[in-house]
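Worksheet: one structure, shown below.
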Amino acid sequence: MLIGAVILLFGRKLFWLCVAAVGFAAGIELAPYFVHQPTPLLALTFALVLGFVGALVALFLQKVAIAIAGFLAGGKLAIAIAAAFFFQHANYLTIIFIIGGIIGAVLLLSLFDWALIVLSAVVGAYLIESAIVLPTAGMAVLFVALAIVGVFVQAMAMRTRQVV
């Protein structure tokens with residue numbers, strides 16, 4: 001939840017941490033696809049490795065990291081949206097992830113600052129929301145409210161930086 005809050009409020013400034021967190025979240029989600037019923041320790045290890053690789057890529061290969069972060073965040077967001085609106089989304093997870101990933105990568109590369117603000121706010125809101133147990137309607141309201149707050153805080157920080 002703490003990493004989610006940091007990404008929610010400072011994702012643009014801490015780009016490498018945002019990429020690492022997206023890699024970590026993707027690792028948690030992808031571990032069961034590589035190992036049938038992974039132990040929690042194996043899933044955590046897989047997530048930490050992906051997060052570490054994401055942070056290294058973000059520091060040394062920024063454009064590649066931007067595309068990868070956009071792809072992973074866009075894919076994760078597409079699956080979350082599909083889960084919220086479609087009951088049979090599980091049959092199409094791969095294609096939903098790929099299409100959302102491509103859209104996220106293109107968006108992040110072309111509109112880097114604003115896309116990073118929006119995607120980091122959404123990822124931060126998702127990480128916070130997934131750590132809290134609420135009814136479905138409460139989760140949706142919390143997610144939207146957190147994402148809006150994250151976008152607002154980061155946009156104000158970017159605006160004050162441009163004025164100075």
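Everything numeric in this text was worked out from a predicted model, so none of it was measured. Because only heavy atoms are used, hydrogens play no part in the values below, and waters and symmetry mates are left out as well, while side chains stay in.
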Would you say [Y] ends up clustered with [X] if hydrophobic residues are merged whenever their side chains have heavy atoms under 4.5 Å apart, either directly or through other cluster members?
X    : Y    : value
I95  : I79  : yes
I98  : V64  : yes
I132 : V141 : no
L41  : F52  : no
L107 : V118 : no

Just to verify, what does F34 make a ring-ring contact (aromatic ring centres under 6.0 Å, His included) with, not counting sequence neighbours?
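F46.
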
Under the rule for ring-ring contact (aromatic ring centres under 6.0 Å, His included), what residues qualify as partners of F71, not counting sequence neighbours?
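Checked F71 against ring-ring contact (aromatic ring centres under 6.0 Å, His included); matches are F97.
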
Before you tell me yes or no, could you show the steps for V122 and F143 under side-chain contact (heavy atoms from CB on, under 4.5 Å), namely the whole-Å CA-CA distance, both residues' side-chain angles and the distance that decides it to 0.1 Å?
CA-CA 8 Å; V122 167; F143 176 79; 3.7 Å; yes

Specify the closest pair of heavy atoms between [X] and [Y], including all atoms of both residues, with the distance to one decimal.
X    : Y    : answer
A67  : A105 : O-CB, 3.5 Å
L134 : L142 : CD1-CD2, 3.9 Å
M158 : D113 : SD-CB, 3.8 Å
Q154 : S120 : NE2-OG, 3.1 Å
A125 : A147 : CB-N, 3.7 Å
V123 : A73  : CG2-CB, 4.0 Å

Nearest 0.5 Å, please: how far is [atom2] in [Y] from [atom1] in [X]?
X    : Y    : atom1 : atom2 : result
L72  : L30  : CG    : CG    : 7.5 Å
L2   : L127 : CG    : CG    : 11.0 Å
W114 : L119 : CH2   : CG    : 13.0 Å
I103 : L108 : CD1   : CG    : 13.5 Å
I81  : I96  : CD1   : CD1   : 10.5 Å

Evaluate the side-chain contact (heavy atoms from CB on, under 4.5 Å) criterion for residues Y33 and L93: first the C-alpha distance (whole Å), next the side-chain angles of each, then the deciding distance (0.1 Å), finally the verdict.
CA-CA 12 Å; Y33 292 106; L93 284 178; 3.4 Å; yes

Using the side chain to side chain donor-acceptor pair (under 3.5 Å) criterion, which residues pair with E29? Sequence neighbours excluded.
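E29 satisfies side chain to side chain donor-acceptor pair (under 3.5 Å) with K76 once adjacent residues are dropped.
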
Among L44, L50, T45, exactly one meets side chain to side chain contact (heavy atoms under 4.5 Å, CB included) together with L48. Which residue is that?
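For L48, the side chain to side chain contact (heavy atoms under 4.5 Å, CB included) test succeeds with only one of L44, L50, T45, which is L44.
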
